[in-house]
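Structure first, commentary second.
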Protein chains: 2
Amino acid sequence: MILGVPIGEAAKHSGVKVPTIRYYEQIGLLAAPARSDGNRRHYDASDLHRLTFIRHARELGFEIDAIRTLLLLQDDPNQPCATADGIAKARLADVEQRIRSLTALKAELQAMIEGCSHGQVAACRVIEVLADHGQCQNAGH
Amino acid sequence: MILGVPIGEAAKHSGVKVPTIRYYEQIGLLAAPARSDGNRRHYDASDLHRLTFIRHARELGFEIDAIRTLLLLQDDPNQPCATADGIAKARLADVEQRIRSLTALKAELQAMIEGCSHGQVAACRVIEVLADHGQCQNAGH
DNA sequence: GCTACATCCTCTAGTGACTAGAGGAGCAAG
DNA sequence: CTTGCTCCTCTAGTCACTAGAGGATGTAGC
């Protein structure tokens with residue numbers, strides 16, 4: 001019988017690091033693969049597919065638990081996709097919120113840096129603004 | 001002699017939670033305050049100032065180690081402020097990078113959600129795109 | 001067959017920045 | 001004097017890994 005690729009190959013192919021793959025197996029995100037005589041993990045095409053799916057979802061910022069749900073959905077293609085849609089929408093809302101607060105933050109930091117006269121700490125806008133929230137441009141944070 | 005406020009008041013005043021204040025003391029970010037007869041922490045005005053500074057810096061996303069440096073600078077106002085400036089600039093660069101990748105991500109998620117026909121998982125764009133990176137709009141992630 | 005050397009195995013512990021909970025002591029009001 | 005709140009210390013848990021120890025296996029060249 002043909003064994004799949006060893007964990008190092010799986011890592012290269014999927015972009016998930018070796019210890020991380022083992023970690024995913026440990027927490028039950030990825031099923032334990034077949035083992036060779038020498039007790040080594042060997043991954044087949046569907047394992048690699050799953051790993052790539054996981055890596056991609058992680059890159060998009062999905063949490064492990066959300067990915068767990070998405071993987072279950074993937075295994076059961078006759079289900080309505082409202083759940084997957086909901087997960088993605090929640091993620092989108094989260095991303096939008098983050099962009100908003102980071103943008104406010106960016107303005108704050110820029111004002112701090114521009115106000116800094118590059119002299120001594122005593123007159124440093126960076127330190128001053130951090131010490132006194134009242135000097136912030138917007139109270140959104 | 002006048003004792004300062006107890007930890008609960010300090011929490012309310014600074015916006016840092018009670019266990020977090022104790023944690024900051026434990027890791028040496030905040031000096032151990034005076035104690036009352038009954039062994040309770042009491043914070044004076046300068047402690048509260050420091051706590052507010054920390055909370056504000058944390059809100060702006062500075063790491064504990066960066067805050068440690070900023071607090072040292074604050075204590076020594078005759079130093080040049082290039083260090084504080086550098087820390088703030090590094091933070092700004094980080095924030096800008098994050099905004100860029102989150103913006104790319106947002107487009108990705110929107111495309112996924114728009115492509116979803118709200119039918120069955122088998123035809124779900126969300127699942128499909130996650131499984132196949134090649135379907136991404138930009139390879140920036 | 002022998003020797004390097006890479007890759008793999010399991011296991012424990014560490015990261016950052018908290019958060020939760022147990023079990024007990026102090027304090028202020030009624 | 002009891003009720004109920006705040007406070008104390010201590011340990012362990014969170015998330016998603018990452019690092020390292022110490023040992024086994026596999027492979028390539030000689």
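Here is the naming used below: chain letters follow the sequence lines, and residue numbers restart at 1 for every chain.
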All side chain to side chain contact (heavy atoms under 4.5 Å, CB included) counterparts of [X], not counting sequence neighbours:
X: A:Lys106; result: A:Gln110, B:Leu92, B:Val95, B:Glu96, B:Ile99
X: B:Leu72; result: none
X: A:Arg58; result: A:Tyr24, A:Ile54, A:Ile64, A:Ile67
X: B:Glu63; result: none

Exercise. What parts of residues 15-25 of chain A reach DNA chain D, counting only heavy atoms under 4.0 Å away?
Worked result: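 Residues of residues 15-25 of chain A under 4.0 Å from DNA chain D: A:Lys17, A:Thr20, A:Tyr23, A:Tyr24.
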Check the distance between [N]'s [atom2] and [X]'s [atom1] and give it to me in whole angstrom.
X: B:Glu59; N: C:dA17; atom1: CD; atom2: P; value: 15 Å
X: A:Ile54; N: D:dC15; atom1: CD1; atom2: C1'; value: 16 Å
X: A:Arg35; N: D:dG26; atom1: CZ; atom2: C1'; value: 16 Å
X: B:Tyr43; N: D:dC7; atom1: OH; atom2: C1'; value: 11 Å

Exercise. Could B:Asp47 and B:Arg50 be called an ion pair, given the rule that one side-chain N must be under 4.0 Å from one carboxylate O?
Worked result: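 Judged by the 4.0 Å cut-off on N to carboxylate O distance, B:Asp47 and B:Arg50 do not form a salt bridge.
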For this session: Compare every heavy atom of B:Tyr43 with every heavy atom of B:Pro33, then report the nearest pair and how far apart it is.
Result: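 For B:Pro33 and B:Tyr43, the tightest heavy-atom pair comes out as CG-CE2, 3.4 Å.
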For this session: Please determine, for the side chain of A:Asn39, which listed nucleotide (C:dC9, C:dA17, D:dC8) has the closest atom?
Result: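 Among C:dC9, C:dA17, D:dC8, the one nearest the side chain of A:Asn39 is C:dC9.
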Short heteroatom pairs, N/O only, protein and nucleotides 3-6 of chain D, under 3.5 Å:
{"unit_1": "D:dT6", "atom_1": "O2", "unit_2": "B:Arg40", "atom_2": "NH2", "d": "3.1"}

For this session: Check whether any side-chain nitrogen or oxygen of B:Arg41 sits under 4.0 Å from OP1 or OP2 of D:dC8, and answer yes or no.
Result: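 So the side chain of B:Arg41 is within the cut-off, an N or O lying under 4.0 Å from OP1 or OP2 of D:dC8.
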For this session: Using heavy atoms to find the nearest nucleotide of DNA chain D for A:Asp37 and B:Gln26 separately, return the residue whose nucleotide is more 5′.
Result: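 Its nearest nucleotide being more 5', the pick is B:Gln26.
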Exercise. Is the count of non-hydrogen atoms from other residues, nucleotides or ligands lying under 6.0 Å from B:Arg98 atom CZ greater than 12?
Worked result: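 12 or below, so no.
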For this session: Decide if atom NE2 of B:His42 counts as having more than 12 heavy atoms of other residues, nucleotides or ligands within a radius under 6.0 Å.
Result: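 Yes, NE2 of B:His42 has more than 12 neighbouring heavy atoms, counting only those of other groups under 6.0 Å.
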